[in-house]
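Input: a single structure, listed below in structure tokens.
The sequence lines fix the lettering, A, B, ..., with proteins before strands; numbering per chain opens at 1. Hydrogens, waters and symmetry mates are skipped; everything else that's a heavy atom, side chains included, is used.
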2 protein chains.
Amino acid sequence: MALDHAILVSLTERAASGYDLARRFDASIGYFWPASHQQIYKVLARMQEAGWVESTLQEQDGRPDKKTYAITPDGAAELDRWAAQPTEREALRSDFAVKLRAFRDARTVLADTRARRAAHAERLAEYEASEARFYPDPSALDGPDLGSWLALRGGILGERQGIAWCDEILTALEARGSR
Amino acid sequence: MALDHAILVSLTERAASGYDLARRFDASIGYFWPASHQQIYKVLARMQEAGWVESTLQEQDGRPDKKTYAITPDGAAELDRWAAQPTEREALRSDFAVKLRAFRDARTVLADTRARRAAHAERLAEYEASEARFYPDPSALDGPDLGSWLALRGGILGERQGIAWCDEILTALEARGSR
DNA sequence: TAACTCATGTAATTGGTTACATGATTCG
DNA sequence: CGAATCATGTAACCAATTACATGAGTTA
């Protein structure tokens with residue numbers, strides 16, 4: 001049920017509609033917890049039922065009405081309760097690792113690995129650009145900004161690790177290819 | 001539907017019962033695709049229906065009967081088909097990163113991070129022990145063994161990255177704590 | 001004129017988790 | 001005597017994905 005908390009975190013930063021949240025989840029917090037607009041609308045409805053968020057309807061002309069959600073004191077309390085609990089290790093499920101164990105033909109693995117490396121490099125560039133823009137002086141950070149920066153650092157290290165793994169695979173396969 | 005393929009990979013290595021597979025998934029391939037025995041039995045039934053695996057019943061005395069599953073030619077073909085397809089990037093969902101963004105109190109994050117670091121170190125030690133025992137001479141590897149080693153390398157790099165992230169967090173928080 | 005943005009959803013399905021069930025045998 | 005191991009499952013539930021739906025306004 002952590003999408004609940006990801007949405008609460010996002011609403012703490014600023015009130016938003018389901019649509020706004022869906023766009024935020026295309027980047028930012030969505031890098032660590034992806035979610036579709038359908039899923040977000042469902043969770044918002046459930047959380048409103050539970051009293052963790054409240055909505056105000058804004059009529060707009062020329063475009064659809066908008067429901068803006070804000071976090072309630074109960075929602076903030078729930079977020080605190082959740083944040084104080086220890087996090088259990090998240091299960092990793094890697095299609096790619098399973099595919100490596102199914103290894104038969106070097107060519108398909110090579111192509112796959114190169115594509116994967118490129119995707120990691122692209123994401124890494126985004127993260128590094130964000131870091132340079134929003135956190136130019138990390139030692140000055142404190143509170144929620146510090147947390148956001150540390151989360152981003154995790155993303156950066158993760159992408160670098162992904163690239164390093166791809167490079168090991170490419171090196172191993174290329175060494176064998178030329179033998 | 002990648003549990004299907006993870007099971008097929010495991011059955012390619014050796015025929016097994018649901019129970020055997022469940023134990024294998026507690027280690028080995030389960031490090032990259034965790035699965036419970038319930039889920040495994042369900043998928044085995046579905047794959048038998050589809051003709052990807054076949055089972056033979058073995059009666060045993062003093063203990064329950066055992067259904068041993070083996071991969072069929074159709075199953076092997078399906079595995080090849082799947083392995084030849086490009087892998088799309090797996091979505092990462094990190095409770096811990098979301099929790100960092102919810103950062104309020106340094107003490108709980110510290111405790112959480114230390115526990116997390118210890119879990120990573122433990123898993124890393126297992127991986128490194130496996131590497132030393134089963135792949136003492138990586139340059140000699142080929143075929144499926146090469147794939148398995150490369151998968152394990154990914155695990156090792158992942159745990160090291162996890163530790164490095166925890167260390168960055170601890171450094172940042174401790175620097176602030178003593179200020 | 002076709003595609004994209006803004007805005008909100010419902011319905012069906014899949015994959016996985018949690019809880020429950022049974023029953024003999026062996027180990028501490 | 002209680003816990004763990006061997007062995008197979010069913011049932012209920014939950015989170016997420018995919019497909020479908022509507023409709024005005026803007027941009028290429």
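With DNA chain D read from its 5' end, the first of the two nearest nucleotides for B/Ala91 and B/Arg23 is the one closest to B/Arg23. Along DNA chain C, the nucleotide nearest A/Gln60 and the nucleotide nearest A/Gln38 are compared for position; the residue whose nucleotide lies closer to the 5' end is A/Gln60. DNA chain C is contacted by both A/Tyr69 and B/Val43; A/Tyr69 maps to the nucleotide lying nearer its 5′ end (nearest heavy atom per residue).
Rounding to whole angstrom units, NZ of residue A/Lys42 and C1' of C/dT13 are separated by 11 Å. One can place CG of A/Asp20 at 7 Å from P of C/dA7, the figure rounded to the nearest angstrom. To the nearest angstrom, P of C/dA19 lies 13 Å from NE2 of B/His37. Rounded to whole Å, the distance from CD on A/Glu59 to C1' on C/dC6 is 16 Å. Across the protein-nucleic acid pair, A/Ile40 atom CD1 and C/dT10 atom C1' stand 16 Å apart, rounded to whole Å. Protein atom CD of A/Gln58 is 12 Å distant from nucleotide atom C1' of C/dA7, rounded to whole Å. Between the C1' atom of C/dC6 and the CZ atom of A/Arg24 lies a distance of 16 Å, rounded to the nearest Å. In this structure, the CZ atom of B/Arg93 is 15 Å from the P atom of C/dG15, given to the nearest Å.
For the pair B/Arg101 and A/Glu13, the salt-bridge criterion is met [side-chain N within less than 4.0 Å of a carboxylate O]. Taking a cutoff of 4.0 Å between a charged side-chain nitrogen and a carboxylate oxygen, B/Glu159 and A/Arg89 qualify as a salt bridge. We find that A/Asp26 and A/Arg23 are not joined by a salt bridge, their nearest charged nitrogen and carboxylate oxygen being 4.0 Å or further apart. A salt bridge links B/Asp4 to B/Arg46: one of the charged nitrogens lies within less than 4.0 Å of a carboxylate oxygen.
For DNA chain D, the span of nucleotides reached by chain B at under 4.0 Å from its heavy atoms goes, 5' to 3', from D/dT5 to D/dT17.
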Is there a side chain to side chain contact (heavy atoms under 4.5 Å, CB included) between A/Leu11 and A/Tyr69? Walk through the geometry before answering. CA-CA 8 Å; A/Leu11 289 180; A/Tyr69 289 88; 4.2 Å; yes
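Using a 30° and 60° split on the angle between ring planes, B/Tyr127 and B/Tyr31 fall in the perpendicular class, above 60°.
In this structure, the ring of A/Phe32 has its center no less than 6.0 angstrom from the ring center of B/Phe96.
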